[in-house]
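Here's the structure, in structure tokens; my notes come after.
A note on names: the letters A, B, ... follow the listed sequences, proteins ahead of strands, and every chain is numbered from 1.
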Protein chains: 2
Amino acid sequence: MPRLAPQMPAVLAENAFALFGRNGFDAVTIDEIAARAGVTKGSFYSHYKSKREIVLAACQHYYRAYQQNAHRAIAGLRDPLQRLRAIVEMSVRTCVVDQSTRVFTTEIFALSLKDEQVRSGWLQFYDSVRELYIGLLAAAKAAGQAHVDDPRAAVDLMLAAIEGVKLRAVYEPHIACPAEQRTIVGGLMSILQGQTCPQPGNR
Amino acid sequence: MPRLAPQMPAVLAENAFALFGRNGFDAVTIDEIAARAGVTKGSFYSHYKSKREIVLAACQHYYRAYQQNAHRAIAGLRDPLQRLRAIVEMSVRTCVVDQSTRVFTTEIFALSLKDEQVRSGWLQFYDSVRELYIGLLAAAKAAGQAHVDDPRAAVDLMLAAIEGVKLRAVYEPHIACPAEQRTIVGGLMSILQGQTCPQPGNR
DNA sequence: CGTTTAAGATACTCATGGGTATCCTACATG
DNA sequence: CATGTAGGATACCCATGAGTATCTTAAACG
């Protein structure tokens with residue numbers, strides 16, 4: 001084992017993620033990824049054996065970062081409804097407001113239409129997120145803070161709405177402003193809680 | 001003006017749409033589009049001057065088809081709530097169930113991240129759809145069939161949910177089954193009507 | 001202190017596909 | 001019936017970027 005490089009695969013994956021999130025998968029070349037990580041194409045291929053592999057690695061990088069954010073967001077909170085709201089707010093903040101995340105996930109959708117492994121990776125990630133939400137919602141319901149019949153259906157619909165809002169943000173960047181964010185979080189929470197639906201400004 | 005070809009641009013656009021909806025923009029070559037329309041690349045370029053132009057034409061083709069479907073769906077109906085429900089059902093049917101539409105719109109999202117004209121075209125389309133929904137919802141509200149405070153916000157959230165459901169359908173094809181469709185339509189309607197939220201099976 | 005080994009650099013190959021140059025052909029017109 | 005014109009066909013160019021072959025270098029190890 002020669003020089004300095006056990007962390008090189010991770011460094012490449014991070015840089016690939018950053019570039020993919022700015023320009024999309026196709027527009028980013030191996031040379032760019034390698035250059036951004038401070039190496040050349042030759043050594044890139046001694047860590048990853050194809051472009052597809054670095055794409056998969058970048059996806060894993062994203063999934064891990066999301067999970068960390070999620071658990072950090074609810075770490076200090078005890079109240080079930082507060083925990084639910086905190087994670088919804090975190091999702092809106094990172095998924096909707098951050099341009100790079102929007103681009104990256106949009107690319108994942110496009111690619112997963114053609115690549116089974118990308119698709120199954122996303123599905124696994126999505127399932128874990130869904131289960132997390134269902135658990136939080138069930139706890140809120142048990143505490144009498146939500147009145148929805150079928151937590152699973154409510155979570156599915158709410159997650160769908162988040163994805164849709166994310167797409168809309170591509171076209172209407174004003175969604176990123178705090179007031180809009182609050183409206184969105186309110187609408188999403190009302191889907192989860194199962195009462196008075198999208199009425200802006202229900203805190 | 002020589003032979004038979006005033007309809008050639010439209011023929012090319014239709015065939016391009018079909019291929020794009022199956023394989024995505026990048027994977028489809030000009031040769032394929034031309035061949036499917038019964039001509040060769042040379043004559044393709046006498047109708048469209050770049051690949052980008054045929055993509056834009058295919059988008060217009062899609063937008064027009066959607067509008068036609070929408071107005072056909074509500075043509076014979078008088079009751080405001082029925083009209084609203086009919087168009088939601090149509091959207092779920094064509095957007096969520098049809099694989100080709102899913103692929104095509106996903107590609108539009110990915111491309112509009114990079115192409116201003118694609119983005120503004122979609123935005124215009126989206127606005128017209130939104131206004132249509134808002135009008136229908138306002139009518140339903142006036143008839144006492146919906147109780148939402150802000151129809152615009154409700155429509156935005158509902159449309160976001162449709163987009164999200166469409167993406168989910170890529171990963172979970174069982175969404176296409178009639179029972180799931182009914183659940184989804186029910187959830188979407190409850191967002192619009194502004195009462196008891198996602199409870200499966202509310203007709 | 002040489003030998004091994006793998007990270008890294010350099011310089012290629014080569015398939016792909018968008019775009020173009022050019023020729024052909026049929027129809028409309030005078 | 002000649003001629004101009006535009007749709008259509010054929011053959012080509014060429015930029016791009018993934019992947020590879022091969023050389024170099026420095027750390028680890030006996």
Side-chain angles (χ1 to χ4, degrees), chain A residues 1-59 103 107-108 110-111 113-118, chain B residues 1-59 103 107-108 110-111 113-118:
Chain A
M1 288 159 215
R3 263 173 294 188
L4 25 76
Q7 77 286 29
M8 204 60 215
V11 171
L12 285 166
E14 270 172 58
N15 284 287
F17 171 77
L19 287 170
F20 289 151
R22 191 176 309 153
N23 303 320
F25 296 150
D26 281 354
V28 174
T29 69
I30 304 292
D31 286 295
E32 284 176 307
I33 299 172
R36 196 176 199 272
V39 296
T40 56
K41 193 197 282 192
S43 42
F44 170 91
Y45 275 100
S46 68
H47 295 286
Y48 293 96
K49 71 177 209 292
S50 68
K51 186 171 188 177
R52 187 166 167 270
E53 288 213 341
I54 191 70
V55 168
L56 291 168
C59 289
V103 175
E107 291 284 316
I108 290 180
L111 191 55
L113 293 169
K114 301 168 217 158
D115 190 309
E116 160 59 28
Q117 204 171 341
V118 172
Chain B
M1 287 155 213
R3 264 172 294 189
L4 23 76
Q7 77 285 32
M8 205 60 215
V11 172
L12 285 166
E14 270 171 58
N15 284 287
F17 172 76
L19 288 171
F20 289 152
R22 191 177 308 154
N23 304 321
F25 295 150
D26 282 353
V28 174
T29 68
I30 303 292
D31 287 295
E32 282 176 308
I33 298 172
R36 196 175 200 271
V39 295
T40 56
K41 193 197 280 191
S43 41
F44 170 92
Y45 274 99
S46 68
H47 295 287
Y48 294 97
K49 71 177 210 291
S50 68
K51 185 169 188 178
R52 187 166 167 271
E53 287 213 342
I54 191 70
V55 168
L56 291 169
C59 290
V103 174
E107 292 283 316
I108 291 180
L111 191 55
L113 293 169
K114 301 168 217 157
D115 190 307
E116 160 59 26
Q117 205 171 342
V118 172

Evaluate Ile33(B) against Phe20(B) for side-chain contact (heavy atoms from CB on, under 4.5 Å), listing each step before the verdict. CA-CA 9 Å; Ile33(B) 298 172; Phe20(B) 289 152; 3.9 Å; yes
Is Thr40(B) near enough to dG8(D) that one of its side-chain N or O atoms lies under 4.0 angstrom from OP1 or OP2? no
Quick check: does any side chain N or O of Glu53(B) sit under 3.5 Å from a backbone N or O of Tyr48(B), one acting as donor and the other as acceptor? no
What integer distance in Å separates Leu12(A):CG from dG8(C):C1'? 12 Å
In whole angstrom, what separates His47(A)'s NE2 from dG19(D)'s P? 16 Å
Short N/O separations, protein against nucleotides 16-20 of chain C, under 3.5 angstrom:
residue: dG18(C); atom: OP1; partner: Lys51(B); partner atom: NZ; Å: 2.8
residue: dG18(C); atom: OP2; partner: Ile30(B); partner atom: N; Å: 3.0
residue: dG18(C); atom: N7; partner: Lys41(B); partner atom: NZ; Å: 3.1
residue: dG19(C); atom: OP2; partner: Tyr45(B); partner atom: OH; Å: 3.1
residue: dG19(C); atom: OP2; partner: Lys51(B); partner atom: N; Å: 2.9
residue: dG19(C); atom: N7; partner: Lys41(B); partner atom: NZ; Å: 3.2
residue: dG19(C); atom: O6; partner: Lys41(B); partner atom: NZ; Å: 2.7

Shortest non-hydrogen contact between Arg36(B) and Asn15(B), atoms and distance: NH1-OD1, 2.8 Å
Looking at every heavy atom in both Val28(B) and Lys51(B), which two are closest together, and how far apart are they? O-NZ, 2.7 Å
Side-chain heavy atoms of Arg22(A) within contact of Val103(A), under 4.5 Å: no
